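Data block below; observations after.
All chains are named by letter (A, B, ...) in the order of the sequence lines, taking the proteins before the strands, and each is independently numbered beginning at 1. It should be emphasised that the depicted structure is a prediction, and the values quoted were computed from it without experimental measurement.
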Number of protein chains: 2
Amino acid sequence: MDKIVSLARRRGFVFPSSEIYGGLGSAYDYGHYGVLLKENVRARWLEAMVRERDDIVALDSSIILHPRVWEASGHVEGFTDPLVDCRTCKQRYRADQLDQAQCGKRPSKKPGETSDCDLTEARHFNLMFKTRVGAVEETGSDAFLRPETAQGIFINFKNVAQLARRKPPFGIAQVGKSFRNEITPGNFIFRTLEFEQMEMEFFVPPDSADEWYRYWVDERYAWHLRYGVRESHLRIRPHDADELSHYSSATSDIEYLFPMGWSELEGVANRGDFDLRQHSEHSGTKLEWVDAGTGERFVPHVIEPALGLNRSMLTFVIDAYDEETVGDNERTVLRLHPALAPVKAAVLPLIGKNADMVSKARSLFEELRVDAQVEYDDSGAIGRRYRRQDEIGTPFAFTIDEQTLADDTVTIRDRDSLAQERIALAQVRAHLTDALHKPWSSPKA
Amino acid sequence: MDKIVSLARRRGFVFPSSEIYGGLGSAYDYGHYGVLLKENVRARWLEAMVRERDDIVALDSSIILHPRVWEASGHVEGFTDPLVDCRTCKQRYRADQLDQAQCGKRPSKKPGETSDCDLTEARHFNLMFKTRVGAVEETGSDAFLRPETAQGIFINFKNVAQLARRKPPFGIAQVGKSFRNEITPGNFIFRTLEFEQMEMEFFVPPDSADEWYRYWVDERYAWHLRYGVRESHLRIRPHDADELSHYSSATSDIEYLFPMGWSELEGVANRGDFDLRQHSEHSGTKLEWVDAGTGERFVPHVIEPALGLNRSMLTFVIDAYDEETVGDNERTVLRLHPALAPVKAAVLPLIGKNADMVSKARSLFEELRVDAQVEYDDSGAIGRRYRRQDEIGTPFAFTIDEQTLADDTVTIRDRDSLAQERIALAQVRAHLTDALHKPWSSPKA
């Protein structure tokens, strides 16, 4: 993980938030390539969940919802972590994860393992960030930053079913920020105080819920493979009965082999009719499906695939990270799927001071940028420029050299195979479009 | 505005948030077409600000920043509204906007105009939402939800300049949510408690600040025109000296003629070196530009174009809204620029019950959706389906009819001119791609 954090910082993908003020624990800002990569992951998810389907519509609900939403959902009551304090070293730990923590005084030990430790009883703390809405503090009302996007979907079930003229089975997909005020073990952007979720709630007739649950586990597993995650590093782990949330009859984690071990990448849960029933009861609005023709009515069951955008991005980077020796040189390369790569191609004049090369390179760059995110670079030695593009995962580099000036051909360099071939300058744009759209054969071991 | 609100609701673009719980003032959720439209506006801004330029990079900073950021920026001290209460009717008003408000008891009067009114002195209330970070309330620290994305850019100036190897003039662009706990006059999504901003901070040598300020006013004005806003409804209004923020030497509003009158659509401000100096002072980190070669050093001045994504979307919808009589029928049509339209084309079998038409229509739909957001609809009379597509602003509709079954041609219907022509089924995909990419000639009066 250290290598990933270091690359992410060096190339400006991700860095600690509020750094000049000493930072804020578990908060990160995304730089240029980080934004582009995150946008691409988001776009691939929306494509797979909305554009490529007839049965899912998009939604963007508010971060601050009516406070009673969180009473109905059970979050006010039950969305808590058990915490203990050490009275000697003043550290705070999750009571259920003491075995993963370090003692504040003697880091080689776990909290409670030394005689210095004086741990309090575990107390439950709510993980929702609280604020007040209303212009004046004394008359405002308590409100919460959403800890998940899902509830914004449930409370809009009726609106969407009516306005988008949908009948179950159909889904509502949403991408947006959620907030959890928790103690995190510090695995970079694996878990952060604010994070972006990509959640989809799929509403189905009760008797088809099991079938749709299995469908979505398979479908989501396939999505991660589609964008290049190695099959050897991905597994489906059904929850045991004693791990299940009280509302869920079945949940599977799609786990990835992170540097710290197998951990949840995405969760797929059969939430039953719990949420719609809770909101019906608390709001007084019946959230059910009524068929205008037959009069048939039922409360749909819900299948939920929920993925963290930041965690998904981290997974793609970890899985793509590679180091290799080429001749006498070491290189670090991100073997990202071209559809995820922040920059699709680099345009490089071999000699940055040669006006003719620069001019040809600039005009190729202007042509390519119409279709795709491309980068022009004429700084320093060509080897350094290639290495920089390798580190950000740019699949192709086009180099303008002496021969280009003579015959209008350029070299195209492949990030993964390092093969170079010459193609006509006039064909570069079409070549790049084709290369980006053809099925990708992963070079990963 | 009522017609816009009604259309937005009817077609599921935008509806009041937390509606089943009685709503939350000034908070809205975005339905399917609203999300698609908002995504398109966002993508066009990012294209113009990042992809099409060499001198701007992207950033995505946290919503909850270190609390000292807001001391340095002046928000803790000065980001307030003056409020007055009426002791009789218990209403709260903005003291500086009493002339736009209604008395709670006698709505035909303004607050303070009747003898019943008993207004308090104006008091200043901070508009930032406050919360606490840290797992336990008593040991956590106060934090704020950002009221603007700009400060997240300023505090990352040094990181970005180094990591993205940029020298002034260069810019940093960011799209993200901001939060302001304010009393709003209720103009739909013109101003809401949480909203998405598209801000770009452009760092320049001090002596070129005036020039760059004028450049960005023109550039941003042109962007709104580029995506179809009528020139007659857009104007640039430079702030008078007494309106300027204390840190700004010049600001212009790009104003749009909204239903409630000319109001700010986008602001372009010359912020000088205020922000970088404040954060240098408060953080102890020098935020300045040092040229490694020449040793030249200066604190860049900043030009800031700042646009609300939701307000921009509202503007495009208002400007595109049209009603017209066609033969004996009325129709409502959104004459959106094709690059903004939530759905690019509809595929419609003339007779929804004809299996051959449906089959041809479905296969055309499958072909087109690879490139673009398209919609298939076989429900009800064709006239109704056309009207629905008109209302969501779909530029093209392809209809599969009897003749299609005979000769594999389809009609293409143009949203604006209502012209219909026949083209070969095999050419539809290329035709649509061309039509979406060619310059758009606005049909608006």
Side-chain angles (χ1 to χ4, degrees), chain A residues 10-12 15 17-24 27-32 34-36 38 51-52 54 57-66 68-69 81 83 92 125 129-136 145 152 155-156 158-160 163-164 177 181-183 193-194 279 283 285 369 373 376, chain B residues 10-12 15 17-24 27-32 34-36 38 51-52 54 57-66 68-69 81 83 92 125 129-136 145 152 155-156 158-160 163-164 177 181-183 193-194 279 283 285 369 373 376:
Chain A
R10 185 165 73 245
R11 291 299 169 209
F15 31 82
S17 181
S18 300
E19 212 174 9
I20 64 171
Y21 287 99
L24 208 64
Y28 291 88
D29 291 350
Y30 293 75
H32 187 60
V35 172
L36 296 176
K38 193 149 65 72
R51 203 175 92 195
E52 294 177 359
D54 297 338
V57 294
L59 179 78
D60 182 19
S61 67
S62 300
I63 286 173
I64 299 177
L65 299 172
H66 197 289
R68 287 176 57 206
V69 170
D81 270 350
L83 300 185
R92 174 160 290 131
F125 291 101
F129 283 97
K130 198 192 266 189
T131 188
R132 288 181 75 77
V133 174
V136 180
L145 306 191
I155 62 174
N156 278 303
K158 206 175 161 181
N159 265 337
V160 173
L163 300 172
K177 277 218 168 161
N181 196 4
E182 58 190 339
I183 292 179
L193 297 185
E194 55 181 271
H279 288 297
S283 73
T285 301
R369 80 191 319 179
Q373 184 78 36
Y376 169 85
Chain B
R10 185 165 75 246
R11 291 298 170 210
F15 32 81
S17 181
S18 300
E19 212 173 8
I20 63 171
Y21 286 99
L24 207 63
Y28 291 88
D29 291 349
Y30 294 75
H32 186 60
V35 172
L36 295 177
K38 193 150 61 73
R51 202 176 91 194
E52 295 178 358
D54 297 340
V57 295
L59 179 79
D60 182 18
S61 67
S62 300
I63 286 174
I64 300 177
L65 298 173
H66 197 288
R68 287 176 57 205
V69 170
D81 271 349
L83 301 184
R92 174 160 291 132
F125 290 101
F129 283 98
K130 199 192 266 187
T131 188
R132 288 182 74 77
V133 174
V136 180
L145 307 190
I155 62 173
N156 279 303
K158 206 175 159 182
N159 264 338
V160 174
L163 300 173
K177 279 219 168 158
N181 196 3
E182 59 190 337
I183 293 180
L193 297 186
E194 55 182 88
H279 288 298
S283 72
T285 300
R369 79 191 320 179
Q373 185 76 37
Y376 169 86

From Arg369(A) CZ over to Arg51(B) CZ, what is the distance, rounded to the nearest 0.5 angstrom?
9.0 Å

For the residue pair Ile20(B) and Lys158(A), establish whether any side-chain heavy-atom pair is separated by less than 4.5 Å.
no

Reported CZ-to-CG distance for the pair Phe15(A) and Leu59(B), which is rounded to 0.5 angstrom:
5.5 Å

In the structure I gave you, are the side-chain heavy atoms of Val133(A) and Leu193(B) within less than 4.5 Å of one another anywhere?
yes

Please report the interatomic distance CG(Asp54(A)) to OH(Tyr376(B)), rounded to the nearest 0.5 Å.
9.0 Å

So CG of Leu24(B) and CZ of Arg68(A): to nearest 0.5 Å the spacing works out to 12.5 Å

Any non-hydrogen side-chain atom of Leu145(A) less than 4.5 Å from a side-chain atom of Leu145(B)?
yes

Roughly how far, to the nearest 0.5 Å, is OG of Ser61(A) from OH of Tyr28(B)?
15.5 Å

Side chain, backbone, both or neither of Val35(B) within contact of chain A (heavy atoms, under 4.5 Å)
side chain

Closest contact, heavy atoms only, Ile63(B) versus Lys177(A):
CD1-CD, 3.7 Å

Under 4.5 Å from a heavy atom of chain A, the part of Thr285(B) involved
side chain

What's the shortest heavy-atom distance between Lys130(B) and Thr131(A), and which atoms?
O-OG1, 2.6 Å

Winner by heavy-atom pair count (cut-off under 4.5 Å) against chain B, out of Ile64(A), Asn156(A), Val160(A)
Ile64(A)

Of Asn159(A), Leu163(A), Ile155(A), Asp60(A), the largest count of non-hydrogen pairs under 4.5 angstrom with chain B goes to Asp60(A)

Top contributor to chain B contacts, counting heavy-atom pairs under 4.5 Å, from Leu36(A), Val57(A), Asp81(A):
Val57(A)

Contact part of Phe129(B) toward chain A, heavy-atom cut-off under 4.5 Å: side chain, backbone, both or neither?
both

Between Gln373(B) and chain A, with a heavy-atom cut-off of 4.5 Å, which part of the residue counts as in contact: side chain, backbone, both or neither?
both

Check whether Ser283(A) gets within reach of chain B through its side chain, its backbone, both or neither, counting any heavy atom under 4.5 Å.
both

Any donor-acceptor pair under 3.5 Å linking the side chain of Asn181(B) with the backbone of Arg132(A)?
yes

Calculate, to the nearest 0.5 Å, the distance between atoms OG and CG belonging to Ser17(A) and Leu65(B) respectively.
5.0 Å

If we define contacts as heavy-atom pairs under 4.5 Å, which of Ser62(A), Gly12(A), Ser18(A) has the most with chain B?
Ser62(A)

